[in-house]
Number of protein chains: 2
Amino acid sequence: MTEREEGTCEARVVHGTKLAALQPMLADEERAHVEAERFRALGDPTRLRILAALSLAELCVCDLSGLLGISQTATSQHLKILRTFGMVRYRKEGRMAFYRLADSSLRTWLARLHTEDREGGVAHERESV
Amino acid sequence: MTEREEGTCEARVVHGTKLAALQPMLADEERAHVEAERFRALGDPTRLRILAALSLAELCVCDLSGLLGISQTATSQHLKILRTFGMVRYRKEGRMAFYRLADSSLRTWLARLHTEDREGGVAHERESV
DNA sequence: CCCATTCATGCGCATATACGCATATGATGT
DNA sequence: ACATCATATGCGTATATGCGCATGAATGGG
């Protein structure tokens with residue numbers, strides 16, 4: 001929101017033309033917002049563990065709760081968030097709700113996360129000036 | 001943390017054996033925590049836009065600030081977070097700091113994000129029971 | 001040396017998030 | 001109908017996060 005201050009840094013001129021062709025996410029704040037929300041949905045250890053569990057089997061809330069050692073309330077609330085972003089689906093059977101990953105692409109993607117083990121992924125190296 | 005309540009839901013028995021072979025992230029809370037932190041780093045629209053800009057060119061803080069219309073302070077703080085998770089690197093030239101994406105895998109991965117346009121990604125379908 | 005420029009950082013505040021408690025909803029059994 | 005179980009949700013609170021303000025640190029020009 002802040003207006004560009006009147007500094008003299010003109011480095012941008014170097015890449016002026018390139019920057020003229022801005023990518024969608026750079027120009028479209030709304031797009032960036034939506035995208036960021038989805039990363040945020042994955043930005044919680046408990047939710048990642050829920051997804052990890054669901055990548056193995058379809059499970060009811062009660063199972064997830066017991067498996068991960070978190071309260072039913074917390075489990076339910078996390079599942080709501082994962083539902084909101086279309087990451088899980090569920091099926092009601094009697095009074096139970098069986099959750100599963102929403103689609104196979106999410107499943108394989110999570111599988112990579114599991115086995116990747118800190119190498120060859122999407123940005124692992126630590127700072128190095 | 002909450003102890004498993006003494007309900008009677010025994011659905012877990014169904015998948016008992018499968019669940020015995022838990023994936024790392026499910027069992028290893030620490031691992032899940034680390035992984036979640038990195039998603040969180042991407043879970044902010046401004047940081048995504050910074051990465052989008054850096055996927056086009058190496059830029060100094062001043063440029064980023066002006067380009068995205070955010071304060072120098074905010075820019076610097078976001079860059080610190082991205083540095084912490086090894087997503088960007090920088091090079092000092094005089095009083096300026098030129099930032100770039102840390103590695104090519106992050107770059108191509110971001111490129112996919114840009115063009116994917118809500119289809120074929122990692123979990124797009126909205127809730128459907 | 002003095003001062004402007006560029007970037008980084010400590011602090012404070014407004015807002016967001018995670019989770020527990022209590023409770024609502026809906027299904028199942030007696 | 002009533003009690004019980006599985007799940008969902010409103011609310012309060014502790015903590016985390018984003019960002020502005022003020023300032024520090026480093027560089028370079030006069």
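Proteins come first, then strands; the chains are lettered A, B, ... in the order of their sequence lines, and each starts at number 1.
The distance from atom CD1 of Ile70(B) to atom P of dT6(C) is 17 Å, rounded to the nearest whole Å. Per the geometry, CG belonging to Leu79(B) stands 17 Å off C1' belonging to dT17(D), to the nearest Å. Atom-to-atom, CG of Asp63(B) to P of dT5(C) comes out at 16 Å; the value is rounded to the nearest Å. The OH atom of Tyr90(A) sits 18 Å away from the P atom of dA6(D) (whole-angstrom rounding). In this structure, Ile50(B) places its CD1 atom 11 Å from P of dG18(D), rounding to the nearest Å. In this structure, the CE atom of Met96(B) is 14 Å from the C1' atom of dA4(C), given to the nearest Å. For Leu59(A) and dT7(D), the CG to P distance is 11 Å, given to the nearest whole Å. Taking atom CZ of Phe98(B) as the reference point, atom P of dT6(C) lies 11 Å away to the nearest angstrom.
Nearest-nucleotide positions on DNA chain C for Ala74(A) and Ala97(B) put Ala97(B) closer to the 5' end. Sequence order on DNA chain D of the closest nucleotides to Ser76(A) and Gln77(B) puts Ser76(A) first from the 5' end.
Within the 3.5 Å criterion, the main-chain N or O of Leu101(A) finds no donor-acceptor partner in the side chain of Arg89(A). Arg47(B) places a side-chain N or O within 3.5 Å of a backbone atom of Arg40(B) that can act as its donor or acceptor partner. With Ser65(B) contributing its side chain and Val61(B) its backbone, the two residues share no donor-acceptor pair below 3.5 Å. Between the side chain of Thr75(B) and the backbone N or O of Leu64(B) there is no donor-acceptor pair closer than 3.5 Å.
Scanning both residues, Phe85(B) and Ala41(B), for their nearest heavy atoms gives CD1-CB, 3.6 Å.
Nearest to the side chain of Val61(A), among dG20(C), dT7(D), dG10(C), sits dT7(D).
For Thr73(B), the side chain to side chain contact (heavy atoms under 4.5 Å, CB included) partners are Ser71(B), Gln77(B), not counting sequence neighbours. Every residue two or more places apart in sequence or in another chain that forms a side chain to side chain contact (heavy atoms under 4.5 Å, CB included) with Ser76(A) is listed here: Gln72(A).
The phosphate of dT9(D) (OP1 or OP2) has a side-chain N or O of Lys80(A) nearer than 4.0 angstrom. Close to dG20(C), at under 4.0 Å from its OP1 or OP2, lies a side-chain N or O of Ser71(A).
Phe98(A) has its side chain out of reach of Lys92(A): every pair of non-hydrogen atoms, C-beta onward, lies at least 4.5 Å apart. No side-chain heavy atom of Leu54(A) sits less than 4.5 Å from a side-chain heavy atom of Arg100(A). Using a 4.5 Å heavy-atom threshold, the side chains of Tyr99(B) and Leu82(B) count as separate. In this structure the side chain of Leu42(B) reaches within 4.5 angstrom of the side chain of Leu51(B), judged on heavy atoms.
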Every protein N/O within reach of nucleotides 25-30 of chain D N/O, cut-off under 3.5 Å:
none

Give me the distances for all protein-to-nucleotides 14-18 of chain C N/O pairs that come in under 3.5 Å?
| residue | atom | partner | partner atom | Å |
| --- | --- | --- | --- | --- |
| dT17(C) | OP1 | Arg40(A) | NE | 3.3 |
| dA18(C) | OP1 | Asp44(A) | OD2 | 3.4 |
| dA18(C) | OP1 | Arg47(A) | NH1 | 3.3 |
| dA18(C) | OP1 | Arg47(A) | NH2 | 2.8 |

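A salt bridge does not link Arg31(B) with Glu29(B): none of the charged nitrogens is closer than 4.0 Å to a carboxylate oxygen.
Remark: the Gln72(A) side chain and the dG20(C) base include no donor-acceptor N/O pair separated by less than 3.5 Å.
The overall bend of the helix from dC1(C)-dG30(D) to dT30(C)-dA1(D), read as the angle between its terminal helix axes built from five base pairs each, is 10° when rounded to 10 degrees.
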